[in-house]
Structures are given as structure tokens and as C-alpha cells.
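In what follows, a single structure is set out as C-alpha cells and then discussed.
To find a chain, count down the sequence lines: A is the first, B the second, and so on, and within it residues start at 1. In what follows, every heavy atom counts, from backbone to side chain, and hydrogens, waters and symmetry copies are set aside.
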Amino acid sequence: MNDTYDAIVIGAGHNGLITAAYVAKAGLRVLVLERRELVGGTAVTEEVFPGFKFDTGAHRISRLYPPLVTDLKLADHGLELLPLDPTVFAPTLDGGHLSLWRNPENTIDAIRQLSDKDAASWNGFAALVAKATGLLETLYESSPPEALSKKRKDRWAMLRMAGRLRRLGKRDMVEVLRILPMTAVELLDEWFETDVLKGTLGAAGITGIFQGPMAAGTAYLFLHQHVGTKQGILRPALRVRGGTGRLAQALAGAARSLGVTIRTGAWVERIIVEDGRAAGVALVGGEEIVARQVISNADPKRTFLDLVDPVNLGTEFLRRVRNIKFNGVCARVNLALGELPDFSSLPGDGPHLRGLISISPSLRYLERAFDDAKYGELSREPFLEAVIPSLTDPSLAPQGKHVMSILVQYAPYHLKDGVWDESRCDALGDRVVETLAKYAPNIESAILHRQVLTPLDLELVFGLTEGNIYHGEMTLDQLIFMRPVPGWARYNAPIKDLYLCGAGTHPGGGVTGAPGYNAAREILKRVK
Amino acid sequence: MAAEKRYDAVIIGGGHNGLVTAAYLARAGKRVLVLERRHLVGGSAVTEEIVPGFKFSALSYVVSLLRPEIIRDLELPRHGLELLPLESTMTPMPNGDYLVRWADHDLTRRELYRHSPRDAEAYDDFGKLMFHLAFAMKSILGIVPPNPTSLNPKDLLSLLKLGKHYLGLPAEQFYALCKLMTMSAADFLDEWFETEPLKATMSASGVIGTFLGVRSPGTAYVLLHHYMGEIDGVFRAWGFARGGTGAVSESIAAAAREFGVEVRTEATVAQVLAKNNRAVGVALDDGEEIHARVVVSGVDPKLTFLKMVDPQHLPTDFLHAIRRFKIRGSSGKVNLALGELPNFTCLPGVGPHLRGAISISPSLEYMERAYDDAKYGNFSRRPYMDIIIPSMIDPGMAPPGKHVMSIFVQWAPFELNGGWNDEQREAFGNAVVDTLAEFAPNLKNAIIHRHVVTPWDMQEEYGLTQGNIFHGELSLHQLFFMRPVHRWADYRTPLKHLYQCGSGTHPGGGITGASGRLAALNILKDW
């Protein structure tokens with residue numbers, strides 16, 4: 001096993017595989033090392049209970065960066081994306097409900113049942129979101145501008161960005177600039193009056209961060225979740241046929257066909273640094289593998305604080321890395337169901353069960369859920385985002401039975417008293433089921449098996465520091481040229497030949513592949 | 001009425017900014033009239049003798065941001081302005097301990113060391129960084145915000161200059177500034193310190209006057225805004241005006257009068273008069289009409305454009321933007337006349353700590369819980385309070401042996417569940433006194449008179465819409481070229497010859513006079 005590689009990628013998450021594939025495509029010999037026995041990172045599908053397969057990490061994707069799909073011929077490698085329609089279904093306790101659809105006309109009809117005024121506002125709001133996300137899309141396709149760089153190229157890139165902003169026209173440019181730093185509450189209150197509509201849209205602005213919808217920056221995160229989607233489709237979600245793990249398999253297949261070697265069960269213990277440059281990695285067990293470049297798909301804290309000897313990094317850099325906020329707040333509950341949940345406000349089976357199911361009756365509900373977490377406790381009434389993939393994908397569960405995966409927020413990684421032990425874990429599961437039962441009372445009796453993943457489990461299973469699903473919070477102070485840390489946003493590191501390619505880099509979290517794609521481009525630029 | 005006088009400019013509102021604008025205009029030879037609704041000038045910067053012998057800085061109570069160029073240009077010391085420094089900030093702790101930061105650097109260092117050697121070390125570096133950042137930001141306070149959508153060479157040049165200034169900063173400062181603009185005060189301070197009362201007390205300046213908690217992103221910037229305090233060119237010194245905050249307004253008014261400004265009190269402007277899409281004067285509530293070449297409004301944007309100007313003179317999208325301008329009030333004021341000094345359990349007796357600020361902010365969690373109450377429409381049951389005892393610094397404020405205490409209280413939402421009434425005002429006053437009495441048990445018996453100002457009172461009595469002390473919240477999307485609304489951040493308005501000069505314009509908030517001065521300079525440019 002003493003082959004030398006041009007590049008080693010630490011971690012076979014989706015971004016790691018994408019970077020590996022692109023770098024290999026340029027002719028480099030690439031080795032991917034994955035700690036687990038299966039590839040995918042958080043993009044995995046696992047048979048947790050016999051016959052019941054769950055997307056234990058990401059249970060939906062919002063979009064894949066389009067060039068990836070064609071460049072890597074992912075369809076040939078078995079990738080099929082299924083858009084959810086309705087995108088989201090949100091029941092309320094007073095017998096109401098709201099569905100948002102892929103066809104804006106249907107959405108407007110659904111909203112009209114609740115408020116004529118909001119139905120009339122919909123198109124205007126959708127247009128504003130489209131303009132803002134269009135701008136972000138431009139920003140996401142490229143490496144973040146280096147604000148302080150004196151290089152003509154970087155200055156030019158910034159001017160181009162300013163030009164793109166100006167092209168929106170006077171009025172829209174100011175409107176977009178105005179809403180970027182706002183709170184989700186402020187943004188949505190300007191447009192709508194219906195609680196469940198605002199709650200359900202606002203939920204996109206808080207997913208994965210330790211903030212409530214009344215915090216500045218949540219409007220940005222709301223927009224982030226909609227980058228690259230068609231105008232009028234909000235809370236968009238795609239499923240991968242066969243489960244999210246099939247995405248990882250397609251990526252791995254593509255990577256292998258380009259010559260990438262993937263080793264699973266290979267746990268990287270440290271990055272070898274020689275003469276100020278990364279020279280390879282050492283595995284648990286002592287094996288050392290040499291390479292000219294090391295690319296880490298692990299999050300920045302893990303990479304710089306666990307894998308690299310601190311003597312190789314400056315104190316100021318280390319301070320910045322230590323100060324990256326992670327604040328994991330998400331947990332996962334996976335249910336094997338004997339029958340479908342029956343929602344009181346919309347009984348029976350129907351298209352509504354095929355979208356995301358969002359327990360987000362109002363912005364106030366979300367804010368209250370956050371209040372508990374702020375003081376280190378699990379939300380008394382958590383925000384839930386559930387999906388029942390077996391409805392569109394019967395292979396995931398035995399016939400007539402179903403799998404339901406639930407993203408739970410807020411379950412703070414740092415508890416006020418104690419840690420996430422077994423009793424806390426059970427309490428979390430109970431809390432989630434109780435909450436859901438208020439809307440779909442049959443759920444309790446329908447449960448055959450239950451798996452609970454606390455933020456601590458997410459850290460242990462997926463290697464996510466503090467269980468943060470984005471490899472670092474997606475808050476305004478940790479975005480663009482400040483992601484992962486100011487001054488090092490170009491996928492590079494103070495150690496030569498060491499790179500980052502995970503969600504901890506620009507443009508951040510969610511299964512989009514954009515960080516991996518951008519990282520590969522930067523790496524190739526420097527290698528050539 | 002009979003003698004039709006013609007003025008060059010009429011100023012609506014004799015607040016400190018209105019007076020500054022008036023003074024600068026008169027200094028340039030204009031005939032200026034200031035109209036003030038109340039019986040005294042000053043707006044929110046007034047000293048009132050609410051109980052005989054006891055003088056209160058009824059609302060605004062400290063001075064720090066007053067621009068030194070205004071002090072010089074208007075020769076305010078000659079007109080009676082005397083600023084006395086506040087010497088310390090004391091935070092009593094629930095465990096009976098305390099944290100005091102003194103004017104004396106070595107004392108502060110020793111005190112911090114007692115709580116955390118790490119924090120004592122970090123404190124100096126932090127102070128240096130904030131000094132540099134405040135200095136970097138200062139340049140922005142003194143300019144008229146450029147319009148980024150304009151292709152006017154003047155705007156482009158100004159933008160370019162700003163860009164050059166900020167991108168030319170040392171990396172460390174630039175990134176810290178970016179973080180300040182986007183982080184919460186708590187997160188920002190967490191990166192530096194570990195002592196709870198220190199973090200909580202420092203974070204407080206990030207939330208004063210905003211409807212945000214210390215963990216809300218955006219509050220770190222307000223922290224910096226307060227760091228720009230500057231008395232006579234000395235950075236970061238907070239002070240108190242001899243004679244109360246009203247003395248600041250009076251000195252500006254005296255300077256203005258010397259330049260020939262006429263000040264009329266008890267003159268309530270009802271409407272801005274307009275003809276041919278130009279402001280031509282104002283009408284008072286008694287029907288009197290006063291004509292002038294320009295009209296300058298020192299009151300907040302909502303009051304100006306939604307109450308005083310006929311909507312037909314304003315474009316609908318401008319009105320829409322003004323309507324959604326956020327101006328939620330979040331603070332109240334309790335003024336106490338005291339028979340004796342409060343005796344703090346943590347630091348008993350009379351001492352230098354009573355000559356400075358006293359901050360009830362024992363921990364970040366305390367601060368955040370106080371905010372939670374307000375989020376859902378209640379005043380804080382255990383509020384954050386910033387207290388000073390002016391009579392300790394200026395004995396003229398109270399009869400011999402007696403004292404006045406000024407308590408700034410956050411959070412008290414304007415939109416209170418059930419609405420503000422006498423009963424709620426009393427309950428609010430009780431919450432304040434009860435909380436403070438936990439730290440100074442003799443307080444209740446020492447009270448001779450209690451004067452409670454709710455956000456509702458601030459609106460009704462002082463004309464602050466929703467009781468917002470900054471004439472509009474200092475949130476990122478309401479700053480600089482967006483204050484109060486985009487395109488009209490240069491003190492002009494869509495109605496020709498109508499200008500704004502209050503805190504609702506850049507740079508906004510606090511007794512700075514900067515808005516008033518910049519407005520005047522711009523008006524003169526248009527003349």
C-alpha cells in the first residue's frame with residue numbers, strides 16, 4: 001500500500017466525493033478515505049430496522065449545483081431526483097392546514113383559503129425571493145471575493161459582483177440589500193398575515209441554526225435555502241430515488257470511473273505536515289499515506305484542531321477557528337410505521353403526505369421553541385420537519401408499512417444540566433412523538449420502531465462537530481468571505497497543500513455540492 | 001396672525017438636533033424660527049423639576065456622543081455647557097459580589113483580575129480594538145450617506161472613498177468590523193471574556209434602545225455605536241452635564257439665540273404647508289400659519305411624514321417605506337427622588353461607586369430573560385437597568401442631603417399586552433423598584449417621589465413615536481443610506497424645501513447633534 005497519490009480527500013461526504021471526482025478528472029491520482037464502512041457522510045441510507053431503510057443524515061436535498069449533474073454524468077450512475085409536490089404541508093391545531101405546491105397557482109389557491117390578502121401578496125413575494133436568490137446564485141458559483149485582496153483579479157471580481165447587484169435595477173437592488181440582514185419575522189410580516197404561512201416559510205430561515213426567527217440573519221438563511229429554485233416554489237425539497245445514499249453511490253461511481261480510489265473503514269488520525277506543507281495522512285493503526293495535496297471534507301474545527309498539530313498554525317488563526325460557532329440544535333427521529341399518520345385537520349392518505357410535513361404553526365411557535373434551547377433545554381414544543389419517503393419509494397419499507405424521518409429542532413448540543421445520555425435521548429423521542437400526536441393522534445399506535453439521534457449522536461456517527469449539520473452555523477458572521485474564518489475563505493489553509501472542501505466553506509451547508517465544486521476549481525488553479 | 005413675518009427656515013421641534021440645525025443655519029445668516037410643542041426646549045434632552053427641589057434628566061440622562069465640532073462651532077462651554085465625567089460602572093452580583101470598572105485603568109485591571117486573570121488581559125486588547133474600530137467608523141458619522149444606486153459622480157466618488165477607507169483597514173480590524181456588523185453582542189463578547197457580569201454589562205450597550213436581546217445578531221454594532229462616546233475629543237468617556245441633560249439643550253439654544261434664532265415654545269405644529277409641491281411653511285394647531293422658505297423637521301420620520309404632511313405631496317412608495325420603518329419602543333425610565341442614598345449590599349455605604357453608573361446586568365442569561373418578556377408583549381419582570389445618581393456628581397440637582405436617581409429600564413415594549421394604563425405604569429414602576437431593592441434593600445424606604453415614564457408616555461408627552469428613543473431602531477437595514485429610507489438619507493425629502501434633521505436620519509440615535517449638523521450643512525448647500 002505504498003502508492004503515492006497526488007491528493008488525499010479526508011471523508012467521503014458528498015462534497016469530498018465531488019472534489020475527488022473533479023480533481024481526478026483533471027488527471028490527478030486521488031484517494032478518498034472514509035472512516036465509516038459506507039460512503040456519503042450525511043448523505044447515506046441505512047437499514048436501521050430489518051426491512052426499513054432510512055436516510056439517517058440528510059433526508060432531503062434542496063438542489064444540486066447543476067453543472068455537477070452533467071459533468072459527472074450522475075444520471076448514468078443511477079441518480080434520479082424526485083421533486084416533492086406539495087413541497088410542504090403544515091397542519092395547525094385549530095383544524096387548519098396549508099400546503100405549498102410546485103405550481104404557484106395551486107399554492108395561491110391554498111393560501112386563499114386562509115387569506116385573500118396573502119394570496120394576493122404571493123407573487124410579489126416570490127418575485128422578490130427570486131431576485132435575491134438570483135444574486136446569491138452568482139455569488140455561490142464562484143469562490144468568495146477576497147475583500148482585502150489588492151490583486152487586480154480579486155478587485156475585479158468584487159466590482160463584477162457590484163455590477164450584478166446594480167443590474168437588478170435601483171429599486172430591487174436596494175430592496176435586496178435591505179432584506180439580506182433582516183430577521184425572518186420582519187421580512188415575512190411585511191408581506192403576510194397568516195400565522196401558519198409565515199411560520200412555515202420562516203422555518204426555512206432557522207433550520208440548523210441556534211437562532212429563532214426574530215434574529216437578524218434568518219432572512220438570509222431563508223433565501224439560502226431557495227437558491228437555484230424556480231420562482232414561486234418555496235420550501236423546495238428533492239428526494240433521491242432509493243434514498244439520499246443513492247446520491248453518494250452515484251457520486252462514488254462517478255469518482256471511481258474517473259480513477260478515484262475510495263477506501264472505507266479508514267480513519268484518518270492526523271494530517272502529516274512537513275516543512276510547512278501537508279504531505280499526507282496517518283491513519284488510526286499507524287499506516288501513513290503520502291500525497292502531494294491533502295483535502296479535508298471534515299469540518300474546519302475537526303480539521304484544524306483535531307487533525308493538525310497546532311504548532312503548524314498561528315495563534316490568531318487558531319483563535320479564529322476556535323471561535324467558529326457550531327451550536328448544534330438538530331436531532332433526528334426515525335420511525336418505522338405500521339400505518340400512515342392520520343392528520344386531524346386533513347384526514348386520510350393524500351398528496352399532502354408526500355411533501356415535507358412541517359410543524360410550524362406560527363413564527364411565535366418557532367421563537368418559543370428557540371427560547372427553551374437558549375437556556376440549554378429541549379424545546380417543549382419543537383419545530384419538526386418530517387418526510388415519509390416510502391410513499392414515493394415503496395422499496396424503503398416492507399409492503400404496507402412506512403418509514404418517517406423527522407428533523408427536530410431545537411435540541412441543543414450543550415444542555416444546561418447534564419449531557420445527552422440515554423434517558424435524555426428517550427425523552428427527546430417521546431417529546432417528538434407527543435408533539436406530532438397533537439396533529440396526527442394515531443401516530444403513537446402506528447410506531448413499530450423508533451430511532452433517536454441526538455446532536456451528540458450526530459457528532460459521533462457523522463463526525464459533525466457539536467452535531468451542527470452545516471459544519472458551522474450559517475449565520476451572517478460566518479458566511480461568504482468569513483467562512484470558515486476571515487482571511488481563509490478560498491478553500492485553502494495556512495498550511496501549504498492543505499485544502500478544505502466541506503460545508504464549512506463557502507457557500508455552506510445543505511446538500512448542494514457547491515463547496516466541493518468550488519474547492520476543486522481552487523485546488524486545480526493552484527496545482528497547475 | 002397679524003404681523004406676517006417671513007422666515008428663511010422654520011424648525012419643527014426644539015430637540016437638540018433641531019436646535020443644532022437652527023444654530024448652524026442662523027450662523028450662516030438665515031432667519032430661523034424654532035417651534036417647540038412643550039413649554040421648554042430640549043425634546044428628549046430636558047431637565048425637569050418634577051418635585052420641588054429635585055431636578056431630573058427626565059429622559060436622556062448621559063452625554064457621550066455629542067460631536068466635538070459642534071461643541072467648538074457653537075462655543076457651547078461659553079453658553080453654559082459643562083460636562084462632568086462618570087467615573088465608574090458598577091454591576092452588583094446576586095452572590096453578593098460586585099464588578100466595578102473605574103476610570104482609572106490600573107484599578108479596573110486589578111478589579112478584573114480579581115474575577116478572571118484571563119479577562120483582565122483580554123480587556124486591554126479589546127479596548128484597543130474597539131478604539132480602532134470606533135475610529136474607523138467615525139469617518140462614517142461625519143458624512144452624508146451616498147446613494148449607492150445613483151450614478152451621480154458625487155455619490156460614486158463618496159462610495160469609492162468609503163470603499164477605499166474600509167478595504168484599506170488592517171485585516172484584523174476589517175474582519176472585526178464585519179463581525180461586529182453581523183454578530184450578537186453576546187457572541188462577540190464571548191469570544192473575548194468569561195466573566196458573566198462583565199459580558200452582560202458590556203452587552204447592555206448593544207441593546208439599549210433596540211428591540212433586540214443580547215443574543216440577537218446586529219447588537220454588536222450598537223455596542224460599537226455606544227463606544228464612539230467622545231467628550232471633548234477624549235474617546236469613550238461618558239459624561240453627565242451639570243444641571244442635567246437639559247443643560248445641553250439650553251446651551252445649544254443659547255448659542256442659537258445668539259446667532260439670532262427665535263425660539264417659540266408651546267407652539268404645536270399641526271401641518272406642513274405645501275404649495276406647488278414645495279413646502280412653504282407650517283400651520284400650528286390653533287390655525288396660525290407661519291411661512292418660511294424651508295421647513296426642517298426634527299421630529300421622527302413617522303410623525304413627520306404620516307401626521308404632518310398631506311399624503312398627496314408624497315410618492316406612494318416613499319410613504320410605504322416610511323410606514324414599514326421600524327420604530328418599536330423598548331425602554332422606559334424611572335426617576336426617583338430619594339431621601340437617602342441607596343445602600344448596596346455588595347458595597348455598603350457611600351463611596352465612589354455611587355458617582356458612576358450602576359448597571360443591573362448580572363449575567364447574559366439575566367439579560368436574555370428580560371428580553372424574552374418583552375418579545376411576547378410584557379415588560380421585563382426583572383429588567384436590565386442603567387442607573388445614575390446625578391446629585392452625587394452635581395449637588396445642585398437635589399436639596400441638600402437628598403438625591404435624585406435616574407433609572408433607564410429595558411425592556412418595556414410600547415405594544416404592551418392589554419395596553420399601557422395607570423395600573424400598568426405602577427406595576428412597571430414596582431417591577432423596577434423591587435428588582436433594584438434586591439441589591440439595595442433600603443431603597444424602598446428612601447423614595448420620596450417616583451416618576452415613571454413608559455414608552456406610551458414617551459410618545460404622548462415627548463412626541464417619540466412608539467416611545468422609540470432613537471426615532472427608529474438602529475438595525476442594520478435602517479442604517480446609513482437606508483436611514484430613514486433609501487434615496488432620502490441625505491436629509492432631503494420628496495417634498496421640496498422640506499428637510500429632516502432628527503435622530504431618524506443618519507447617523508441617528510443618542511445626543512450626538514450629528515444629524516442636526518449634517519442636515520444644516522446640506523440645507524445650506526441647496527440654498
Cationic tip of Arg319(A) within the cone over Trp192(B)'s six-membered ring, i.e. under 6.0 Å and within 45° of the normal? yes
Answer with side chain, backbone, both or neither: which region of Arg487(B) has an atom nearer than 4.5 Å to a non-hydrogen atom of chain A? neither
Does a side chain donor of either Asp477(A) or Tyr175(B) reach within less than 3.5 Å of an acceptor in the other side chain? no
Salt-bridge contact Arg324(B)-Asp189(A) (side-chain N to carboxylate O under 4.0 Å): no
Is it the side chain or the backbone of Arg323(B) that comes within 4.5 Å of chain A heavy atoms, both, or neither? neither
Of the backbone (N, CA, C, O) and the side chain (C-beta and beyond), which part of Ile179(A) lies under 4.5 Å from a heavy atom of chain B, both, or neither? neither
Contact part of Ser150(B) toward chain A, heavy-atom cut-off under 4.5 Å: side chain, backbone, both or neither? backbone
Between Glu368(B), Arg369(B), Met482(B), which shows the greatest number of heavy-atom pairs under 4.5 Å with chain A? Arg369(B)
What distance do Glu473(B) atom CD and Glu186(A) atom CD have between them, rounded to the nearest 0.5 Å? 7.0 Å
So, for Pro217(B) and Ala216(A), which heavy atoms are closest and what is the spacing to 0.1 Å? CG-O, 3.2 Å
In terms of heavy-atom pairs under 4.5 Å with chain B, which of Gly169(A), Gly212(A), Gly487(A) leads? Gly487(A)
Distance in Å, Leu476(A) CG paired with Met181(B) CE, rounded so as to fall on 0.5 Å steps: 11.0 Å
Honestly, the part of Arg322(A) sitting under 4.5 Å from a heavy atom of chain B is neither
Tell me whether the NZ or CZ atom of Arg368(A) lies within the 45° cone about the ring axis of Tyr376(B) and under 6.0 Å from its centre. yes
Hey, does Thr149(B) have a side-chain heavy atom less than 4.5 Å from the side chain of Val174(A)? yes
Run Asn323(A) and Phe188(B) through side chain to side chain contact (heavy atoms under 4.5 Å, CB included) and show every step you take. CA-CA 9 Å; Asn323(A) 280 336; Phe188(B) 191 73; over 6 Å; no
Intermediate values then yes/no, side chain to side chain contact (heavy atoms under 4.5 Å, CB included), Phe210(A) and Asp187(B): CA-CA 12 Å; Phe210(A) 189 59; Asp187(B) 282 335; over 6 Å; no
Which heavy-atom pair separates Arg166(A) from Pro148(B) by the least distance, and what is that distance? NH2-O, 2.7 Å
Kindly compute the distance separating NZ (Lys179(B)) from CD (Gln478(A)), expressed to the nearest 0.5 Å. 6.5 Å
Validation row: His486(B), Met173(A) side chains within 4.5 angstrom (heavy atoms): no
Distance col, row Lys375(B):NZ vs Met214(A):CE, nearest 0.5 angstrom, shows 6.0 Å
How many angstroms lie between OG1 in Thr183(A) and NZ in Lys326(B), if you round to the nearest 0.5 Å? 6.5 Å
Give a yes or no on whether a salt bridge exists between Glu365(B) and Lys416(A), defined as a side-chain N under 4.0 angstrom from a carboxylate O. yes
If you define the side chain from C-beta out and look only at heavy atoms, does anything of Leu476(B) sit under 4.5 Å from Met182(A)? no
For the residue pair His477(B) and Arg178(A), what are the closest heavy atoms and their distance? CB-O, 3.2 Å
Does atom CZ of Arg380(A) have more than 12 heavy-atom neighbours from other groups under 6.0 Å away? no
Shortest non-hydrogen contact from Arg320(A) toward Glu172(B): NH2-CA, 4.3 Å
Show, in sequence, the C-alpha distance, side-chain angles and deciding distance for Lys325(A) and Met183(B), and conclude whether the side chain to side chain contact (heavy atoms under 4.5 Å, CB included) test is met. CA-CA 11 Å; Lys325(A) 293 181 283 127; Met183(B) 283 180 96; 4.2 Å; yes
With a 4.5 angstrom heavy-atom cut-off, is it the side chain or the backbone of Asp317(B) that approaches chain A, or both, or neither? side chain
Using heavy-atom distances under 4.5 Å, tell me whether Asp190(B) contacts chain A through its side chain, its backbone, both, or neither. neither
Would you give the length of the straight line joining atom CE of Met482(A) to atom SG of Cys178(B), rounded to the nearest 0.5 angstrom? 5.0 Å
